[in-house]
Amino acid sequence: YYAKEQGLSCCRFAEYMRTINIVRFELENDIRRGIVRKEFFIEYQPQVNLCTGKMVGLEALVRWNHPVRGLIPPSEFIPLAEESGLIVQLGEWVLRTACRQNKRWQDEGFEPVSVSVNMSVRQFRDPSFTEKVAEVLTETGLDPRYLDLEITESMTMDQKWAVNQLVELKQLGILVSIDDFGTGYSSLHYLRKLPVDRIKIDRSFLEEVVQDSSDAVIVSSIAAMANHLKLKVTAEGVENKEQLEFLKRQNCHDAQGYLFSKPVPALRLEQDFLVKAAG
Ligand code: C2E
Ligand code: MG
Ligand code: MG
Ligand code: MG
């Protein structure tokens with residue numbers, strides 16, 4: 001039913017999902033095996049500073065190259081990985097791989113950019129999560145200021161827990177962003193208490209921001225509030241120049257979207273987007 005929920009009922013994968021119980025079990029095993037057999041890989045999507053036009057960051061987005069079913073998007077396997085708990089293992093792999101890759105690029109003389117990694121609620125709830133992140137940083141040698149962890153509003157519902165966890169994480173020197181902002185339930189009052197660096201305005205508000213005046217008000221309010229709270233603000237899903245111009249007028253700092261690039265494999269990113277540092 002995940003596939004259906006996502007409006008993908010016409011595709012092959014949804015058919016596959018119909019015989020749900022057997023298939024669910026099978027798919028879980030597939031994920032488990034896929035991790036071992038290295039069927040997962042990461043694509044990186046540029047994040048661009050709106051003042052300078054320079055790429056300042058990357059978002060790491062996991063993909064699955066299934067041996068039989070081909071390329072499966074995260075919307076179709078992340079929910080199942082979450083439910084089965086396999087997301088913890090997969091998420092750690094993504095984190096380690098993205099950090100290692102980013103460090104390698106810096107060592108190769110490219111201008112440093114931050115890498116954003118999506119966290120699942122299971123990872124965030126793990127009491128030893130900070131330790132695991134610290135381990136990955138030590139192991140890969142990545143300077144913590146170039147790692148950004150993306151959490152969602154729903155992960156911060158238990159405020160006391162979330163604040164503690166975030167304070168611990170922030171002590172590592174990393175960045176924390178709130179992803180898909182505006183789609184959750186957090187009040188502004190609530191946001192003020194969370195030690196985060198950045199909010200990412202959800203793509204759904206950008207879609208019609210130029211045509212729809214209420215979307216425009218939402219986006220400009222989020223940007224104004226973020227500026228007021230001294231948080232950085234990134235817009236997701238920017239697809240055209242009109243959206244870009246609108247965002248610039250709202251003092252939105254960074255943007256991410258197809259206008260700049262779709263998520264691309266590491267090699268493409270290196271060839272087309274990364275810049276050699278001077279000297
Ligand atoms: P997200 O974190 O909000 O990532 C942004 C999604 O928007 C990506 O979809 C990206 O390809 C898409 N996108 C970016 N720019 C545009 C645009 O201009 N137009 C449109 N239409 N779409 C755009 P993707 O890669 O399919 O990932 C979907 C979601 O899966 C992510 O949403 C994230 O929540 C989850 N995800 C991806 N990788 C991971 C991971 O490693 N761990 C966890 N826990 N979740 C992940
Ligand atoms: Mg994200
Ligand atoms: Mg996300
Ligand atoms: Mg998002």
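Residues take their numbers from the sequence shown, with the count starting at 1. Every number for a ligand or one of its atoms is a count from 1 in the order of the listing.
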**OP:** With heavy atoms only and a cut-off of under 4.0 Å, state how V94 meets ligand 1: side chain, backbone, both or neither.
**Re:** side chain
**OP:** With heavy atoms of P263 as the reference, note each atom of ligand 1 found under 4.0 Å away.
**Re:** 11 (O)
**OP:** Give the contacting part of P73 toward ligand 1: side chain, backbone, both or neither, where contact means a heavy-atom distance below 4.0 Å.
**Re:** neither
Original post:
Is ligand 1 under 4.0 Å from a heavy atom in the side chain of V62, in the backbone, in both, or in neither?
Top reply: both
Subject >> Distance filter under 4.0 Å to D180 heavy atoms, resulting ligand 1 atoms >> reply: 3 (O)
Original post:
How wide is the angle at the Mg ion (ligand 4) between OE1 of E236 and OD1 of D179, to the nearest 10°?
Top reply: 90°
**OP:** Mind checking whether K262 contacts ligand 1 via backbone (N, CA, C, O), side chain (CB onward), both or neither, at a 4.0 Å heavy-atom cut-off?
**Re:** neither
**OP:** Give a yes or no on whether D180 keeps an N, O or S atom under 2.8 Å from the Mg ion (ligand 4).
**Re:** yes
Original post:
Within the stated cut-off of 2.8 Å, is an N/O/S atom of E150 closer than that to the Mg ion (ligand 4)?
Top reply: no
Subject >> Carboxylate-amine/guanidinium proximity below 4.0 Å for K132 and E92 >> reply: yes
Original post:
Out of F40, Y258, F77, whose heavy atom is nearest to atom 16 (C) of ligand 1?
Top reply: Y258
**OP:** Name the option, out of P74, S116, A81, P46, that contains the heavy atom nearest to atom 35 (C) of ligand 1.
**Re:** P74
Original post:
Looking only at heavy atoms, is any part of V117 under 4.0 Å from ligand 1, and if so is it the side chain, the backbone, or both, or is it neither?
Top reply: neither
Subject >> Contacting atoms of ligand 1, where contact means under 4.0 angstrom from a heavy atom of S120 >> reply: 44 (N)
Original post:
Just heavy atoms, cut-off under 4.0 Å: does I42 contact ligand 1 by side chain, backbone, both, or neither?
Top reply: neither
Original post:
Is there a donor-acceptor contact under 3.5 Å from the side chain of Q243 to the main chain of E239?
Top reply: yes
Subject >> Min N/O separation E239 to ligand 1 under 3.5 Å >> reply: yes
**OP:** Any pair with a residue in residues 42-55 that passes salt bridge (charged side-chain N to carboxylate O under 4.0 Å, His left out), sequence neighbours left out, goes on the list, sorted by first then second residue, please.
**Re:** E43-R63, K54-E111
Subject >> Residue portion contacting ligand 1 (non-hydrogen atoms closer than 4.0 Å) for R203 >> reply: side chain
Subject >> Under 4.0 Å to a heavy atom of G257 - the qualifying atoms of ligand 1, by number >> reply: 15 (N), 18 (O)
Subject >> N, O or S of S177 under 2.8 Å from the Mg ion (ligand 2) >> reply: no
Original post:
Which bit of Q45 is near ligand 1, meaning a heavy atom under 4.0 Å away: side chain, backbone, both or neither?
Top reply: side chain
Sequence neighbours excluded and cut-off under 3.5 Å, please list the side-chain donor-acceptor pairs for residues 194-203, or say none.
| residue | atom | partner | partner atom | Å |
| --- | --- | --- | --- | --- |
| D197 | OD1 | K170 | NZ | 3.0 |
| D197 | OD2 | K170 | NZ | 2.7 |
| D197 | OD2 | V176 | N | 2.7 |
| R198 | NE | S177 | OG | 2.8 |
| R198 | NH1 | T234 | OG1 | 2.8 |
| R198 | NH2 | S116 | OG | 3.2 |
| R198 | NH2 | D148 | OD2 | 2.6 |
| R198 | NH2 | S177 | OG | 3.4 |
| K200 | NZ | E59 | OE1 | 2.8 |
| K200 | NZ | E150 | OE2 | 2.6 |
| K200 | NZ | Q256 | OE1 | 2.9 |
| D202 | OD2 | S204 | N | 3.1 |
| D202 | OD2 | S204 | OG | 2.6 |

**OP:** Of the side chain and backbone of Q123, name the one, both, or neither that has a heavy atom under 4.0 Å from an atom of ligand 1.
**Re:** neither
